[in-house]
Amino acid sequence: MSLMTVQEVADFLNVQEIRVERLQRESLLVAKDNDADGKPLFDSDEVQRYKTLAERLGGI
């Protein structure tokens, strides 16, 4: 399991960071940990699964 920052997830999903934060608040992406600044860190496997599901449903 590798962890991704909000910026890395935003780049991977091709969305803005605020969108990633909203997905986390809505429990569509679940943070596994927090960095030293208290920002969420996400499991890269779960981010990939979310992207696949979102694409199947019509987009992120």
Side-chain angles (χ1 to χ4, degrees):
M1 170 177 82
S2 64
L3 297 176
M4 299 173 72
T5 65
V6 171
Q7 176 63 48
E8 291 169 332
V9 173
D11 291 343
F12 182 73
L13 297 177
N14 198 28
V15 297
Q16 295 180 357
E17 289 182 42
I18 192 76
R19 177 77 171 133
V20 175
E21 293 169 359
R22 183 184 309 152
L23 291 170
Q24 192 231 349
R25 278 194 312 273
E26 294 172 354
S27 299
L28 296 172
L29 281 176
V30 179
K32 291 296 180 185
D33 202 358
N34 291 320
D35 65 9
D37 295 328
K39 301 245 181 185
L41 297 171
F42 302 93
D43 180 356
S44 60
D45 293 334
E46 289 186 15
V47 173
Q48 176 61 45
R49 282 195 297 273
Y50 172 78
K51 183 176 182 178
T52 301
L53 175 64
E55 287 171 347
R56 286 183 187 168
L57 295 175
I60 296 174

Participant: What residues join L57 in its hydrophobic cluster, counting side-chain heavy atom gaps under 4.5 Å, either direct or through other members?
Facilitator: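 Other cluster members: L53.
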Participant: For K39, enumerate each residue passing the side-chain contact (heavy atoms from CB on, under 4.5 Å) test, keeping only those at least two apart in sequence or located in another chain.
Facilitator: D35, D37
Participant: Under a 4.5 Å cut-off applied to non-hydrogen side-chain atoms, are V6 and F42 in contact?
Facilitator: yes
Participant: Step by step, work out the side-chain contact (heavy atoms from CB on, under 4.5 Å) result for D43 and K32.
Facilitator: CA-CA 6 Å; D43 180 356; K32 291 296 180 185; 3.8 Å; yes
Participant: K51: which residues meet the side chain to side chain donor-acceptor pair (under 3.5 Å) condition with it, sequence neighbours left out?
Facilitator: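 In terms of side chain to side chain donor-acceptor pair (under 3.5 Å), with neighbours along the sequence ignored, K51 is linked to no residue.
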Participant: Sequence neighbours excluded and cut-off under 3.5 Å, please list the side-chain donor-acceptor pairs for residues 10-31, or say none.
Facilitator:
unit_1, atom_1, unit_2, atom_2, d
D11, OD1, Q7, NE2, 2.7
D11, OD2, Q7, NE2, 3.1

Participant: With sequence neighbours excluded, tell me which residues meet salt bridge (charged side-chain N to carboxylate O under 4.0 Å, His left out) with E8.
Facilitator: none
Participant: Can you confirm whether S44 sits close enough to L3 that some side-chain heavy atom of one is under 4.5 Å from a side-chain heavy atom of the other?
Facilitator: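 A side-chain contact is absent here, since even the closest heavy-atom pair is not under 4.5 Å.
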Participant: Apply side-chain contact (heavy atoms from CB on, under 4.5 Å) to T52 and list each qualifying residue two or more places apart in sequence or on a separate chain.
Facilitator: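 So T52 forms a side-chain contact (heavy atoms from CB on, under 4.5 Å) with Q48, R56.
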Participant: Given the rule in the side-chain contact (heavy atoms from CB on, under 4.5 Å) test, do N34 and L41 qualify, once you have shown the distances and angles that lead to the verdict?
Facilitator: CA-CA 5 Å; N34 291 320; L41 297 171; 5.9 Å; no
